[in-house]
Number of protein chains: 2
Amino acid sequence: MNELICTVDLVLLTLKDDGLKVALLKRDHDPFKGVLSLPGGYIHADEDADARDAALRVLRVKTGIESPYLEQLATFSGSARDPRGWSISVAYYALVSADVIERASHPDVQLLSVDRPLNLPFDHRQIVETAVARLRSISQYSSLPCHLLGETFTLPQLQRVYETLMGEALNKVSFRRKIFEMGMLEAIAGKFGASGAHRPAQLYRLKPELRERLTLLQRGL
Amino acid sequence: MNELICTVDLVLLTLKDDGLKVALLKRDHDPFKGVLSLPGGYIHADEDADARDAALRVLRVKTGIESPYLEQLATFSGSARDPRGWSISVAYYALVSADVIERASHPDVQLLSVDRPLNLPFDHRQIVETAVARLRSISQYSSLPCHLLGETFTLPQLQRVYETLMGEALNKVSFRRKIFEMGMLEAIAGKFGASGAHRPAQLYRLKPELRERLTLLQRGL
DNA sequence: TGAATAGTGTCTTTTAGACAATATCTA
DNA sequence: TAGATATTGTCTAAAAGACACTATTCA
(Lines give C-alpha, C1' and ligand atoms only; values in the text may rest on other atoms or scores of the structure.)
Protein backbone atom coordinates (compact mmCIF):
# COMPACT_ATOMS: atom_id res chain seq x y z
CA MET A 1 0.00 0.00 0.00
CA ASN A 2 1.13 3.54 -0.74
CA GLU A 3 1.77 6.19 1.78
CA LEU A 4 -0.58 9.12 1.36
CA ILE A 5 -0.13 12.66 2.62
CA CYS A 6 -2.91 13.28 5.17
CA THR A 7 -3.62 16.85 6.19
CA VAL A 8 -6.30 19.21 7.40
CA ASP A 9 -6.95 22.69 6.00
CA LEU A 10 -8.90 25.46 7.66
CA VAL A 11 -11.10 28.10 6.12
CA LEU A 12 -11.37 30.66 8.91
CA LEU A 13 -14.03 33.19 7.96
CA THR A 14 -14.98 36.47 9.55
CA LEU A 15 -16.76 39.72 8.75
CA LYS A 16 -14.83 42.95 8.58
CA ASP A 17 -15.71 46.27 6.94
CA ASP A 18 -19.06 44.76 5.92
CA GLY A 19 -17.42 42.03 3.85
CA LEU A 20 -16.60 38.38 4.26
CA LYS A 21 -12.87 37.70 4.77
CA VAL A 22 -10.77 34.57 4.90
CA ALA A 23 -7.72 34.28 7.17
CA LEU A 24 -4.51 33.35 5.39
CA LEU A 25 -0.94 32.68 6.54
CA LYS A 26 2.43 32.72 4.83
CA ARG A 27 3.67 29.15 4.52
CA ASP A 28 6.64 28.22 6.72
CA HIS A 29 7.98 25.46 4.50
CA ASP A 30 8.23 24.33 0.93
CA PRO A 31 6.35 23.78 -1.25
CA PHE A 32 5.16 27.37 -1.71
CA LYS A 33 7.27 28.63 1.20
CA GLY A 34 6.35 32.23 1.94
CA VAL A 35 3.16 32.12 -0.10
CA LEU A 36 -0.19 33.05 1.47
CA SER A 37 -2.37 29.99 1.96
CA LEU A 38 -4.96 28.41 4.20
CA PRO A 39 -3.77 27.37 7.65
CA GLY A 40 -3.18 23.65 7.45
CA GLY A 41 -0.99 20.83 8.62
CA TYR A 42 -0.41 17.14 8.84
CA ILE A 43 -2.66 14.94 10.88
CA HIS A 44 -0.69 13.64 13.86
CA ALA A 45 -1.94 10.16 14.61
CA ASP A 46 -0.20 10.20 17.97
CA GLU A 47 -1.83 13.35 19.29
CA ASP A 48 -5.05 13.91 17.33
CA ALA A 49 -8.01 11.74 18.26
CA ASP A 50 -9.57 12.44 14.86
CA ALA A 51 -9.39 14.92 11.99
CA ARG A 52 -11.53 17.46 13.80
CA ASP A 53 -9.05 17.41 16.64
CA ALA A 54 -6.26 17.99 14.16
CA ALA A 55 -8.14 20.95 12.74
CA LEU A 56 -8.60 22.48 16.17
CA ARG A 57 -4.93 21.95 16.96
CA VAL A 58 -3.81 23.55 13.70
CA LEU A 59 -6.08 26.50 14.29
CA ARG A 60 -4.85 26.94 17.85
CA VAL A 61 -1.17 26.66 16.99
CA LYS A 62 -1.21 28.69 13.80
CA THR A 63 -3.71 31.43 14.62
CA GLY A 64 -4.13 31.36 18.39
CA ILE A 65 -7.86 30.82 18.12
CA GLU A 66 -9.31 28.39 20.62
CA SER A 67 -12.93 27.37 20.28
CA PRO A 68 -14.56 28.65 17.16
CA TYR A 69 -17.69 27.36 15.51
CA LEU A 70 -16.16 24.60 13.40
CA GLU A 71 -17.69 22.22 10.84
CA GLN A 72 -16.30 19.77 8.38
CA LEU A 73 -16.54 21.16 4.87
CA ALA A 74 -15.38 18.41 2.50
CA THR A 75 -12.34 16.35 1.68
CA PHE A 76 -10.08 17.27 -1.20
CA SER A 77 -7.80 14.61 -2.56
CA GLY A 78 -5.80 13.31 -5.47
CA SER A 79 -2.46 13.17 -7.14
CA ALA A 80 -2.71 16.61 -8.75
CA ARG A 81 -3.26 18.93 -5.82
CA ASP A 82 0.12 18.76 -4.02
CA PRO A 83 3.51 18.52 -5.76
CA ARG A 84 4.74 16.20 -3.01
CA GLY A 85 2.44 13.41 -4.12
CA TRP A 86 -1.00 11.89 -3.66
CA SER A 87 -2.61 13.80 -0.81
CA ILE A 88 -5.84 13.96 1.07
CA SER A 89 -6.94 17.03 2.98
CA VAL A 90 -9.98 17.18 5.21
CA ALA A 91 -11.14 20.80 5.06
CA TYR A 92 -13.00 22.49 7.91
CA TYR A 93 -14.56 25.91 8.06
CA ALA A 94 -14.64 28.05 11.17
CA LEU A 95 -16.64 31.19 11.84
CA VAL A 96 -15.51 33.81 14.33
CA SER A 97 -16.16 37.46 15.00
CA ALA A 98 -13.51 39.93 13.93
CA ASP A 99 -13.01 40.54 17.67
CA VAL A 100 -11.82 37.00 18.22
CA ILE A 101 -9.19 37.34 15.51
CA GLU A 102 -8.05 40.67 16.89
CA ARG A 103 -7.83 39.35 20.43
CA ALA A 104 -5.73 36.40 19.23
CA SER A 105 -3.67 39.06 17.43
CA HIS A 106 -1.42 36.63 15.66
CA PRO A 107 0.94 38.85 13.67
CA ASP A 108 1.01 36.60 10.61
CA VAL A 109 -2.72 36.29 9.98
CA GLN A 110 -3.93 38.26 6.98
CA LEU A 111 -7.59 38.77 6.16
CA LEU A 112 -8.46 38.87 2.47
CA SER A 113 -11.85 39.53 0.96
CA VAL A 114 -13.49 36.48 -0.59
CA ASP A 115 -15.29 38.68 -3.10
CA ARG A 116 -12.37 39.02 -5.46
CA PRO A 117 -10.60 35.96 -6.89
CA LEU A 118 -7.89 34.68 -4.57
CA ASN A 119 -4.57 33.52 -5.90
CA LEU A 120 -3.69 30.61 -3.64
CA PRO A 121 -1.46 27.54 -3.85
CA PHE A 122 -2.63 23.93 -4.09
CA ASP A 123 -6.40 23.80 -4.57
CA HIS A 124 -6.96 26.29 -1.78
CA ARG A 125 -8.93 28.63 -3.98
CA GLN A 126 -11.44 25.88 -4.66
CA ILE A 127 -11.58 25.05 -0.96
CA VAL A 128 -12.33 28.68 -0.07
CA GLU A 129 -14.96 28.91 -2.79
CA THR A 130 -16.60 25.73 -1.53
CA ALA A 131 -16.61 27.07 2.02
CA VAL A 132 -18.10 30.41 1.03
CA ALA A 133 -20.77 28.74 -1.08
CA ARG A 134 -21.61 26.43 1.82
CA LEU A 135 -21.81 29.31 4.27
CA ARG A 136 -24.03 31.36 1.97
CA SER A 137 -26.28 28.41 1.26
CA ILE A 138 -26.74 27.35 4.88
CA SER A 139 -27.24 30.95 5.97
CA GLN A 140 -30.49 31.05 4.02
CA TYR A 141 -32.23 28.77 6.47
CA SER A 142 -30.22 28.60 9.69
CA SER A 143 -28.71 30.38 12.63
CA LEU A 144 -25.20 29.93 11.25
CA PRO A 145 -24.47 33.65 10.65
CA CYS A 146 -24.80 34.35 14.39
CA HIS A 147 -21.33 32.92 14.82
CA LEU A 148 -19.84 35.77 12.81
CA LEU A 149 -20.95 38.15 15.55
CA GLY A 150 -19.69 38.42 19.09
CA GLU A 151 -21.30 37.09 22.24
CA THR A 152 -24.09 39.69 22.13
CA PHE A 153 -25.64 41.57 19.25
CA THR A 154 -28.75 43.42 18.15
CA LEU A 155 -31.27 42.36 15.56
CA PRO A 156 -30.32 45.16 13.14
CA GLN A 157 -26.69 43.98 13.38
CA LEU A 158 -27.77 40.41 12.74
CA GLN A 159 -29.88 41.47 9.78
CA ARG A 160 -26.89 43.27 8.26
CA VAL A 161 -24.85 40.06 8.62
CA TYR A 162 -27.50 38.00 6.85
CA GLU A 163 -27.79 40.65 4.14
CA THR A 164 -24.04 40.69 3.60
CA LEU A 165 -23.92 36.92 3.27
CA MET A 166 -26.97 36.61 1.07
CA GLY A 167 -26.10 39.64 -1.01
CA GLU A 168 -29.56 41.18 -0.88
CA ALA A 169 -31.70 43.40 1.29
CA LEU A 170 -34.12 41.58 3.57
CA ASN A 171 -37.56 42.65 4.69
CA LYS A 172 -37.27 43.84 8.27
CA VAL A 173 -40.64 42.55 9.46
CA SER A 174 -40.17 39.14 7.87
CA PHE A 175 -36.62 38.89 9.11
CA ARG A 176 -37.72 39.47 12.69
CA ARG A 177 -40.63 37.05 12.38
CA LYS A 178 -38.29 34.36 11.08
CA ILE A 179 -35.57 34.92 13.64
CA PHE A 180 -38.06 34.74 16.50
CA GLU A 181 -39.67 31.69 14.88
CA MET A 182 -36.26 30.00 15.05
CA GLY A 183 -36.28 30.64 18.79
CA MET A 184 -32.53 30.68 18.99
CA LEU A 185 -32.07 34.05 20.72
CA GLU A 186 -32.63 35.31 24.20
CA ALA A 187 -32.96 38.97 25.00
CA ILE A 188 -30.58 40.48 27.49
CA ALA A 189 -32.05 43.02 29.89
CA GLY A 190 -29.95 45.95 28.79
CA LYS A 191 -29.53 48.04 25.74
CA PHE A 192 -27.06 48.88 23.10
CA GLY A 193 -25.15 52.13 23.44
CA ALA A 194 -22.79 52.67 20.54
CA SER A 195 -25.67 53.71 18.33
CA GLY A 196 -25.93 57.50 18.42
CA ALA A 197 -28.86 59.83 18.10
CA HIS A 198 -31.67 57.28 17.92
CA ARG A 199 -33.49 54.60 19.82
CA PRO A 200 -31.05 51.93 21.03
CA ALA A 201 -31.62 48.34 19.98
CA GLN A 202 -32.28 45.40 22.26
CA LEU A 203 -29.29 43.16 22.85
CA TYR A 204 -29.62 39.42 22.27
CA ARG A 205 -27.41 36.38 22.54
CA LEU A 206 -27.56 32.85 21.25
CA LYS A 207 -29.17 30.52 23.76
CA PRO A 208 -26.21 28.79 25.40
CA GLU A 209 -27.44 25.32 24.46
CA LEU A 210 -27.36 26.38 20.80
CA ARG A 211 -23.76 27.55 20.72
CA GLU A 212 -22.61 24.29 19.13
CA ARG A 213 -25.51 23.23 16.98
CA LEU A 214 -27.51 25.08 14.39
CA THR A 215 -31.17 26.00 14.47
CA LEU A 216 -32.85 25.36 11.15
CA LEU A 217 -35.77 27.02 9.47
CA GLN A 218 -38.38 25.05 7.52
CA ARG A 219 -38.73 27.61 4.74
CA GLY A 220 -35.69 29.87 4.67
CA LEU A 221 -35.48 33.61 5.18
CA MET B 1 5.12 11.18 10.09
CA ASN B 2 2.76 8.32 10.80
CA GLU B 3 1.21 6.10 8.24
CA LEU B 4 -2.55 6.40 8.25
CA ILE B 5 -5.06 3.96 6.84
CA CYS B 6 -6.82 5.74 3.95
CA THR B 7 -10.02 4.25 2.64
CA VAL B 8 -13.31 5.04 0.97
CA ASP B 9 -16.69 3.71 2.07
CA LEU B 10 -19.85 3.64 0.02
CA VAL B 11 -23.44 4.05 1.10
CA LEU B 12 -25.37 2.66 -1.84
CA LEU B 13 -29.04 3.46 -1.38
CA THR B 14 -32.08 2.31 -3.26
CA LEU B 15 -35.83 1.98 -2.90
CA LYS B 16 -37.42 -1.43 -2.72
CA ASP B 17 -40.81 -2.48 -1.43
CA ASP B 18 -41.57 1.17 -0.70
CA GLY B 19 -38.67 1.49 1.73
CA LEU B 20 -35.17 2.87 1.64
CA LYS B 21 -32.47 0.16 1.61
CA VAL B 22 -28.72 0.19 1.93
CA ALA B 23 -26.51 -2.26 0.06
CA LEU B 24 -24.18 -4.31 2.26
CA LEU B 25 -21.51 -6.92 1.61
CA LYS B 26 -19.86 -9.62 3.68
CA ARG B 27 -16.27 -8.60 4.36
CA ASP B 28 -13.59 -10.65 2.59
CA HIS B 29 -10.84 -10.06 5.13
CA ASP B 30 -10.20 -9.41 8.76
CA PRO B 31 -11.05 -7.40 10.76
CA PHE B 32 -14.71 -8.45 10.83
CA LYS B 33 -14.25 -11.07 8.11
CA GLY B 34 -17.62 -12.38 7.00
CA VAL B 35 -19.56 -9.57 8.67
CA LEU B 36 -22.00 -7.44 6.67
CA SER B 37 -20.63 -3.94 6.14
CA LEU B 38 -20.51 -1.07 3.70
CA PRO B 39 -18.58 -1.67 0.50
CA GLY B 40 -15.21 -0.02 0.99
CA GLY B 41 -11.54 -0.29 0.28
CA TYR B 42 -8.16 1.28 0.36
CA ILE B 43 -7.35 4.25 -1.79
CA HIS B 44 -4.84 3.17 -4.44
CA ALA B 45 -2.57 6.13 -5.11
CA ASP B 46 -1.27 4.47 -8.24
CA GLU B 47 -4.61 3.96 -9.94
CA ASP B 48 -7.09 6.40 -8.39
CA ALA B 49 -6.84 10.02 -9.53
CA ASP B 50 -8.68 11.11 -6.39
CA ALA B 51 -10.94 9.73 -3.67
CA ARG B 52 -14.03 9.97 -5.87
CA ASP B 53 -12.27 7.78 -8.40
CA ALA B 54 -11.48 5.32 -5.67
CA ALA B 55 -15.15 5.28 -4.65
CA LEU B 56 -16.26 4.58 -8.21
CA ARG B 57 -13.68 1.81 -8.53
CA VAL B 58 -14.74 0.19 -5.27
CA LEU B 59 -18.36 0.35 -6.30
CA ARG B 60 -17.62 -1.13 -9.71
CA VAL B 61 -15.45 -3.94 -8.42
CA LYS B 62 -17.52 -4.87 -5.38
CA THR B 63 -21.06 -4.40 -6.67
CA GLY B 64 -20.78 -4.25 -10.46
CA ILE B 65 -22.46 -0.85 -10.60
CA GLU B 66 -20.96 1.55 -13.10
CA SER B 67 -22.17 5.13 -13.09
CA PRO B 68 -24.50 5.95 -10.27
CA TYR B 69 -25.38 9.35 -8.92
CA LEU B 70 -22.51 9.78 -6.45
CA GLU B 71 -21.71 12.52 -3.95
CA GLN B 72 -19.20 12.91 -1.19
CA LEU B 73 -20.90 12.52 2.17
CA ALA B 74 -18.28 13.28 4.82
CA THR B 75 -15.00 11.98 6.12
CA PHE B 76 -14.83 9.77 9.18
CA SER B 77 -11.53 9.49 10.96
CA GLY B 78 -9.70 8.78 14.16
CA SER B 79 -7.90 6.21 16.21
CA ALA B 80 -11.05 4.58 17.55
CA ARG B 81 -12.94 3.54 14.44
CA ASP B 82 -10.71 0.75 13.08
CA PRO B 83 -8.84 -1.84 15.21
CA ARG B 84 -5.91 -1.70 12.77
CA GLY B 85 -5.03 1.85 13.78
CA TRP B 86 -5.63 5.51 13.00
CA SER B 87 -7.77 5.57 9.90
CA ILE B 88 -9.48 8.00 7.64
CA SER B 89 -12.40 7.08 5.42
CA VAL B 90 -13.95 9.35 2.84
CA ALA B 91 -17.58 8.28 2.61
CA TYR B 92 -19.68 8.68 -0.53
CA TYR B 93 -23.32 8.02 -1.07
CA ALA B 94 -24.78 6.70 -4.30
CA LEU B 95 -28.39 6.52 -5.41
CA VAL B 96 -29.61 3.97 -7.91
CA SER B 97 -32.90 2.41 -8.90
CA ALA B 98 -33.60 -1.11 -7.69
CA ASP B 99 -33.37 -2.10 -11.37
CA VAL B 100 -29.72 -1.10 -11.54
CA ILE B 101 -28.87 -3.30 -8.59
CA GLU B 102 -30.80 -6.20 -10.03
CA ARG B 103 -29.17 -5.85 -13.42
CA ALA B 104 -25.72 -5.84 -11.81
CA SER B 105 -26.99 -8.92 -9.94
CA HIS B 106 -23.94 -9.29 -7.78
CA PRO B 107 -24.71 -12.36 -5.69
CA ASP B 108 -23.17 -10.97 -2.50
CA VAL B 109 -25.04 -7.69 -2.28
CA GLN B 110 -27.69 -7.63 0.43
CA LEU B 111 -30.24 -4.87 0.79
CA LEU B 112 -31.24 -3.99 4.33
CA SER B 113 -33.86 -1.50 5.39
CA VAL B 114 -32.46 1.66 6.94
CA ASP B 115 -35.57 2.05 9.06
CA ARG B 116 -34.50 -0.41 11.73
CA PRO B 117 -31.17 -0.04 13.55
CA LEU B 118 -28.32 -1.68 11.65
CA ASN B 119 -25.69 -3.66 13.43
CA LEU B 120 -22.54 -2.88 11.49
CA PRO B 121 -18.78 -2.97 12.16
CA PHE B 122 -16.51 0.06 12.48
CA ASP B 123 -18.54 3.27 12.53
CA HIS B 124 -20.57 2.14 9.54
CA ARG B 125 -23.85 2.56 11.34
CA GLN B 126 -23.06 6.22 11.91
CA ILE B 127 -22.04 6.59 8.26
CA VAL B 128 -25.32 5.11 7.07
CA GLU B 129 -27.30 7.30 9.44
CA THR B 130 -25.46 10.37 8.22
CA ALA B 131 -26.14 9.43 4.60
CA VAL B 132 -29.83 8.80 5.20
CA ALA B 133 -30.19 12.07 7.08
CA ARG B 134 -28.43 13.91 4.27
CA LEU B 135 -30.61 12.29 1.62
CA ARG B 136 -33.81 13.09 3.51
CA SER B 137 -32.72 16.65 4.14
CA ILE B 138 -31.68 17.42 0.58
CA SER B 139 -34.78 15.71 -0.80
CA GLN B 140 -36.91 18.43 0.75
CA TYR B 141 -35.72 21.03 -1.72
CA SER B 142 -34.08 19.27 -4.67
CA SER B 143 -34.36 16.85 -7.54
CA LEU B 144 -32.18 14.31 -5.73
CA PRO B 145 -34.91 11.64 -5.29
CA CYS B 146 -35.23 11.30 -9.09
CA HIS B 147 -32.07 9.24 -9.01
CA LEU B 148 -33.82 6.51 -7.05
CA LEU B 149 -36.06 5.93 -10.05
CA GLY B 150 -35.14 4.55 -13.43
CA GLU B 151 -34.59 6.44 -16.65
CA THR B 152 -38.29 7.28 -17.03
CA PHE B 153 -41.06 7.63 -14.49
CA THR B 154 -44.43 9.20 -13.87
CA LEU B 155 -45.27 12.03 -11.51
CA PRO B 156 -47.32 9.79 -9.21
CA GLN B 157 -44.31 7.46 -8.95
CA LEU B 158 -42.05 10.40 -8.20
CA GLN B 159 -44.45 11.71 -5.57
CA ARG B 160 -44.44 8.32 -3.85
CA VAL B 161 -40.63 8.45 -3.75
CA TYR B 162 -40.62 11.89 -2.17
CA GLU B 163 -43.28 10.79 0.30
CA THR B 164 -41.30 7.72 1.29
CA LEU B 165 -38.17 9.77 1.87
CA MET B 166 -39.89 12.58 3.71
CA GLY B 167 -42.13 10.26 5.68
CA GLU B 168 -45.31 12.23 5.06
CA ALA B 169 -48.07 12.60 2.51
CA LEU B 170 -47.66 15.50 0.10
CA ASN B 171 -50.31 17.64 -1.48
CA LYS B 172 -50.71 16.52 -5.07
CA VAL B 173 -51.38 19.94 -6.59
CA SER B 174 -48.50 21.59 -4.72
CA PHE B 175 -46.18 18.75 -5.53
CA ARG B 176 -46.83 19.10 -9.24
CA ARG B 177 -46.50 22.88 -9.11
CA LYS B 178 -43.14 22.56 -7.38
CA ILE B 179 -41.79 19.87 -9.64
CA PHE B 180 -42.69 21.86 -12.75
CA GLU B 181 -41.28 25.00 -11.12
CA MET B 182 -37.96 23.16 -10.78
CA GLY B 183 -38.06 22.60 -14.51
CA MET B 184 -35.98 19.48 -14.29
CA LEU B 185 -38.27 17.10 -16.18
CA GLU B 186 -39.22 16.66 -19.77
CA ALA B 187 -42.33 14.82 -20.85
CA ILE B 188 -41.95 11.86 -23.16
CA ALA B 189 -44.56 11.51 -25.87
CA GLY B 190 -45.96 8.19 -24.77
CA LYS B 191 -47.78 6.82 -21.83
CA PHE B 192 -47.41 4.46 -18.98
CA GLY B 193 -48.98 1.05 -19.30
CA ALA B 194 -48.40 -1.05 -16.22
CA SER B 195 -51.13 0.81 -14.37
CA GLY B 196 -54.35 -1.08 -14.82
CA ALA B 197 -57.91 0.00 -15.07
CA HIS B 198 -57.48 3.76 -15.01
CA ARG B 199 -56.06 6.70 -16.89
CA PRO B 200 -52.36 6.15 -17.57
CA ALA B 201 -49.84 8.69 -16.34
CA GLN B 202 -47.54 10.78 -18.50
CA LEU B 203 -43.95 9.55 -18.58
CA TYR B 204 -41.14 11.96 -17.81
CA ARG B 205 -37.37 11.83 -17.62
CA LEU B 206 -34.71 14.04 -16.12
CA LYS B 207 -33.41 16.54 -18.64
CA PRO B 208 -30.13 14.97 -19.80
CA GLU B 209 -28.07 18.02 -18.77
CA LEU B 210 -29.35 17.57 -15.20
CA ARG B 211 -28.30 13.94 -14.79
CA GLU B 212 -25.17 14.92 -12.88
CA ARG B 213 -26.17 18.05 -11.00
CA LEU B 214 -29.12 18.79 -8.78
CA THR B 215 -31.91 21.26 -9.35
CA LEU B 216 -32.72 23.19 -6.20
CA LEU B 217 -35.91 24.74 -4.98
CA GLN B 218 -35.98 28.10 -3.22
CA ARG B 219 -38.61 27.10 -0.69
CA GLY B 220 -38.79 23.35 -0.41
CA LEU B 221 -41.68 21.02 -1.13
C1' DT C 1 -37.84 69.58 18.89
C1' DG C 2 -35.81 67.25 14.85
C1' DA C 3 -33.16 63.63 13.00
C1' DA C 4 -32.12 59.05 13.16
C1' DT C 5 -32.80 54.23 13.78
C1' DA C 6 -35.59 50.51 16.52
C1' DG C 7 -39.66 48.12 16.89
C1' DT C 8 -44.74 47.08 15.69
C1' DG C 9 -49.44 46.96 13.40
C1' DT C 10 -51.78 45.99 9.42
C1' DC C 11 -52.85 45.57 4.63
C1' DT C 12 -51.54 43.39 0.13
C1' DT C 13 -49.38 39.94 -2.53
C1' DT C 14 -47.64 35.49 -3.05
C1' DT C 15 -47.51 30.71 -2.08
C1' DA C 16 -49.37 26.47 -0.39
C1' DG C 17 -53.15 23.42 0.42
C1' DA C 18 -58.11 21.61 0.13
C1' DC C 19 -61.48 20.04 -2.70
C1' DA C 20 -63.71 18.72 -6.46
C1' DA C 21 -64.47 18.36 -11.44
C1' DT C 22 -62.85 16.33 -15.63
C1' DA C 23 -59.96 12.82 -18.35
C1' DT C 24 -58.75 8.32 -19.75
C1' DC C 25 -57.89 3.89 -19.21
C1' DT C 26 -59.63 -1.55 -18.27
C1' DA C 27 -62.88 -4.95 -17.18
C1' DT D 1 -70.71 1.83 -18.04
C1' DA D 2 -68.41 1.28 -13.38
C1' DG D 3 -64.26 1.79 -11.16
C1' DA D 4 -59.79 3.36 -10.73
C1' DT D 5 -56.19 6.75 -10.91
C1' DA D 6 -54.30 10.99 -13.61
C1' DT D 7 -54.69 15.72 -14.40
C1' DT D 8 -56.50 20.30 -13.89
C1' DG D 9 -59.37 24.33 -12.10
C1' DT D 10 -60.49 27.05 -8.43
C1' DC D 11 -61.34 28.49 -3.83
C1' DT D 12 -59.30 29.03 0.95
C1' DA D 13 -55.61 29.47 4.18
C1' DA D 14 -51.03 30.58 5.41
C1' DA D 15 -46.80 33.00 4.76
C1' DA D 16 -44.12 36.79 3.11
C1' DG D 17 -43.55 41.48 1.93
C1' DA D 18 -44.82 46.62 1.70
C1' DC D 19 -45.71 50.47 4.18
C1' DA D 20 -46.49 53.40 7.62
C1' DC D 21 -46.87 54.45 12.42
C1' DT D 22 -45.04 54.65 17.15
C1' DA D 23 -40.81 54.53 20.35
C1' DT D 24 -36.55 56.21 22.08
C1' DT D 25 -32.41 58.30 21.95
C1' DC D 26 -29.06 62.47 21.28
C1' DA D 27 -27.89 66.95 19.68
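Letters A, B, ... are given to chains in the order of the sequence lines, protein chains preceding strands, and every chain is numbered from 1. Fair warning: this is a prediction, and the values are worked out from it, not measured in the lab.
Of the listed nucleotides (D/dT10, D/dT25, C/dA16), D/dT10 has the atom at the smallest distance from the side chain of B/Val173. In this structure, of D/dG17, D/dA6, D/dT7, it is D/dA6 that holds the atom nearest to the side chain of B/His198. When distances are taken from the side chain of B/Arg199 to each of D/dA15, D/dA6, C/dT15, the shortest belongs to D/dA6.
A/Arg176 places its CZ atom 16 Å from the P atom of D/dG17, with the value rounded to the nearest Å. The distance from atom CG of A/Leu158 to atom P of C/dT5 is 19 Å, rounded to the nearest whole Å. Rounded to whole angstrom, the span from the CG atom of B/Leu221 across to the C1' atom of D/dA15 amounts to 17 Å. At whole-Å resolution of the value, CZ in A/Phe153 and C1' in C/dA6 are 16 Å apart. Rounded to an integer number of Å, the gap from A/Leu203 CG to C/dA6 P is 12 Å. One can place CZ of A/Phe180 at 12 Å from P of C/dG9, the figure rounded to the nearest angstrom. For A/Glu181 and D/dA14, the CD to P distance is 14 Å, given to the nearest whole Å. Rounding to whole angstrom units, CD1 of residue B/Ile179 and C1' of C/dA16 are separated by 15 Å.
Proximity of a side-chain donor or acceptor of A/Gln126 to a complementary backbone N or O of A/Asp123 within less than 3.5 Å is not detected. Remark: side-chain polar atoms of B/Gln72 are paired, donor with acceptor, to backbone N or O of A/Thr75 under 3.5 angstrom. Between the side chain of A/Lys178 and the backbone N or O of A/Gly220 there is at least one donor-acceptor pair closer than 3.5 Å.
Residue A/Pro156 is the one, among B/Arg219 and A/Pro156, whose nearest nucleotide of DNA chain C lies closer to the 5' end (criterion: closest heavy atom). Nearer the 5' end of DNA chain D, as judged by each residue's closest nucleotide, is the contact made by B/Ala197, out of B/Tyr204 and B/Ala197. DNA chain D is contacted by both A/Arg177 and A/Lys172; A/Arg177 maps to the nucleotide lying nearer its 5′ end (nearest heavy atom per residue).
For D/dA16, the base has no donor-acceptor partner in the side chain of A/Asn171 [N/O atoms by modelled type, under 3.5 angstrom].
Surrounding CD of A/Glu209 are more than 12 heavy atoms belonging to other residues, nucleotides or ligands, all under 6.0 Å away.
Put simply, CZ on A/Arg177 and CG on A/Leu221 are 12.0 Å apart, with the number rounded to the nearest 0.5 Å.
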